[in-house]
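Presented below is the structure to which this report refers.
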Amino acid sequence: MISLGIYNHRNFYEDLLDRENFQVSIVESLTTLTDYSKFDLLLINISEIEERQYSYFLNNMQNLTMSKVIFLDNTFSIEQVKKLMLLGAYDCVTLPFPISDLLNLLTNAYTEITREKRQKRKQENYKIKSIRASLAYDLLHGNTKNAKEIWERSQLANLSLIPNTVLLFRIDHFSKLVKNKGELWKNSLRKEVLQAIKTCDLQYESLKVFVNQQKFAILLSLPVQLEERKYKILATEYAEKAREEINKQTDYTVTIGIGNYYEDARNLHLSYQESEQAQTYRLFQEENSIIHIDDLDYFETPEYYEYKIQIQEMTNKFSLGDITAVHTIWKNIYHSVAAHSHFQPEEFRLQVLDLLFSLSKTAMQNGANPKRMMPLQIKHAKELHEIESLAEIDTWMTGIINEYIRFVNEGHNEQVLKSVQEVLQYIEEHYSEDIGLEMIAEKVDLSPNYLSAIFKQTTGSSFIDYLTELRMKKAKENLQNLNLSVYEIAEAIGYSSSQYFSRVFKKHTGMTPSAYRNSILSTNK
């Protein structure tokens with residue numbers, strides 16, 4: 001409905017009185033009207049107007065912040081139009097003016113008013129949001145210590161009560177939810193959760209501010225209570241209702257950490273720190289938890305020496321290849337921490353990180369490729385930071401242990417193959433010399449027993465059988481040279497005794513070296 005005031009033009013009043021969407025009133029006097037702004041539009045006919053009325057109205061036009069004024073006259077000079085426009089007139093219309101054209105003019109003017117009001121509301125809302133966001137940030141981080149300033153900024157933020165309690169919301173499994181998603185999707189997720197909270201049927205004023213991608217804080221203004229314990233009850237009730245709405249309206253869950261009530265807003269940053277501390281205990285609880293700082297005995301700390309001993313034992317067993325023992329020790333650590341009511345979550349993460357690096361170092365010492373292991377240390381450290389529950393850490397660590405074992409085995413196989421290749425190369429180059437397993441083992445820096453085992457495993461032959469086979473092959477080649485005696489051939493392939501060479505050759509081929517030579521000669525004929 002367009003509210004229209006008409007001064008000094010009875011005909012227009014009568015023409016517009018019964019028009020749909022118009023609420024028309026006669027303005028009897030411009031000097032007695034105290035509130036011009038109650039009209040959306042004013043039609044002022046200044047033809048034959050009293051100077052006193054005209055001057056009074058022009059002097060008060062600045063009070064018409066949103067109303068539109070259309071001046072009517074039989075004629076306007078250019079200077080007069082300029083003056084009226086500078087004062088804020090919407091238009092100057094020369095009479096007579098068709099009613100149809102006037103209706104279009106009034107409709108356009110009202111449309112512009114509507115657009116300006118909407119824009120003004122947006123600007124005011126944006127201003128208030130900016131004031132609220134900056135106030136919330138400064139209160140969370142203790143950036144302002146002036147009580148009067150806090151009060152004044154709270155008034156500008158349209159708060160009747162200054163915030164006194166902090167709730168910290170963390171969207172559970174946020175990293176998994178947003179994996180491979182764009183920023184628009186992430187923003188949509190956060191807004192969806194916040195929108196659910198806004199629908200809570202609670203009268204408490206609050207400031208809401210994003211802390212990071214997956215966390216946002218709510219600064220509650222709880223009403224004054226006679227009993228201190230009631231602040232915790234009210235804050236927890238708010239958290240429960242917010243969680244209920246989030247679970248009802250979205251597909252997500254949240255962990256809510258609650259700090260204590262602080263009457264002096266200059267100390268509200270302490271409530272924020274407490275809410276952060278409370279939220280870290282999500283590690284020992286299930287998703288969708290509400291944790292008040294008063295429910296934690298976080299000032300008590302356990303002795304960590306026992307866990308350091310267990311970590312050292314794990315790395316020792318890993319080094320020995322006793323993987324069953326490695327898994328058993330880890331399970332003992334896990335169950336001990338799960339049952340420990342005073343264990344600090346972040347301290348436990350550091351213990352796990354220490355274990356992670358110890359296992360990585362041990363894996364590399366036992367054959368794992370350092371080029372593969374080093375990047376994994378950084379990757380796993382980032383993953384640990386994002387893991388939200390103790391059960392997830394258990395599954396994650398079990399997987400890493402198996403992963404490191406696989407890398408050790410792969411590296412071990414590569415090292416074995418390399419060692420055996422070195423031995424084969426040495427035998428090929430020195431088969432004519434007096435060589436033995438112990439001597440070669442020393443050259444490749446392995447124990448004779450270990451070298452014997454891996455040589456058999458890799459080639460399918462024992463060291464002595466492989467050496468004998470190679471020597472017999474060379475002997476057969478040399479026997480084709482009639483210029484070489486059996487003694488010379490025996491010496492050339494590493495036998496100091498021709499008799500011993502003959503016995504070995506006969507055992508290997510079924511005939512003596514001389515008989516083998518004769519068989520070759522007869523075949524060639």
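In this text the structure is predicted, and so the values were computed from the model without any measurement. Counting begins at 1 with the first residue of the sequence.
- Note that OG1 of Thr31 and OH of Tyr56 are 7.0 Å apart. Values are rounded to the nearest 0.5 Å.
- With a 6.0 Å radius and a threshold of 12 heavy atoms from other residues, nucleotides or ligands, Gln123 has its CD atom above the threshold.
- Cation-pi geometry between Lys129 and Tyr126 is not met at under 6.0 angstrom from the ring centre and within 45 degrees of the axis.
- Ionic pairing of Glu245 and Lys248 is present here: one or more N-O contacts between side-chain nitrogen and carboxylate oxygen are shorter than 4.0 angstrom.
- With respect to the salt-bridge test (charged N to carboxylate O, under 4.0 angstrom), the residues Glu346 and Arg349 qualify.
- Note: Phe169 CZ to Ile246 CD1 = 5.5 Å, rounded to the nearest 0.5 Å.
- Within the structure, ring pair (Phe, Tyr, Trp, His ring centres under 6.0 Å) contacts touching residues 244-268 (residues at least two apart or in different chains) are Tyr231-Tyr261.
- Salt bridge absent: Asp294 and Arg229 never bring a charged side-chain N and a carboxylate O closer than 4.0 Å.
- When only modelled atom types and interatomic distance are considered, Ser160 and Glu205 share a side-chain donor-acceptor pair under 3.5 Å.
- Within the cation-pi definition used here (under 6.0 Å to the ring centroid, within 45° of the axis), Arg190 qualifies as a partner of Phe210.
- Thr250 OG1 to Glu192 CD: the interatomic distance, rounded to the nearest 0.5 Å, is 5.5 Å.
- Within a 6.0 Å sphere centred on CD of Glu286, heavy atoms belonging to other residues, nucleotides or ligands number 12 at most.
- For NZ of Lys331, the number of neighbouring non-hydrogen atoms (other residues, nucleotides, ligands) closer than 6.0 Å is greater than 12.
- In this structure, Glu183 pairs ionically with Lys186, as a charged nitrogen and a carboxylate oxygen lie closer than 4.0 Å.
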Side chains of residues 66-76: which donor-acceptor pairs under 3.5 Å do they make with residues two or more places apart or in other chains?
| from | atom 1 | to | atom 2 | distance (Å) |
| --- | --- | --- | --- | --- |
| Ser67 | OG | Phe39 | O | 2.5 |
| Lys68 | NZ | Glu116 | OE1 | 3.1 |
| Lys68 | NZ | Glu116 | OE2 | 2.9 |

Cut-off 3.5 Å, no hydrogens considered: what does the side-chain donor-acceptor table look like for residues 135-145, sequence neighbours left out?
| from | atom 1 | to | atom 2 | distance (Å) |
| --- | --- | --- | --- | --- |
| Asp138 | OD1 | Asn143 | ND2 | 3.2 |
| Asp138 | OD2 | Arg153 | NH1 | 3.0 |
| Asp138 | OD2 | Arg153 | NH2 | 3.0 |
| Thr144 | OG1 | Glu149 | OE1 | 3.4 |
| Lys145 | NZ | Arg266 | O | 3.2 |

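- Between Glu383 and Lys379 there is a salt bridge, with a side-chain nitrogen of the basic residue lying less than 4.0 Å from a carboxylate oxygen of the acidic one.
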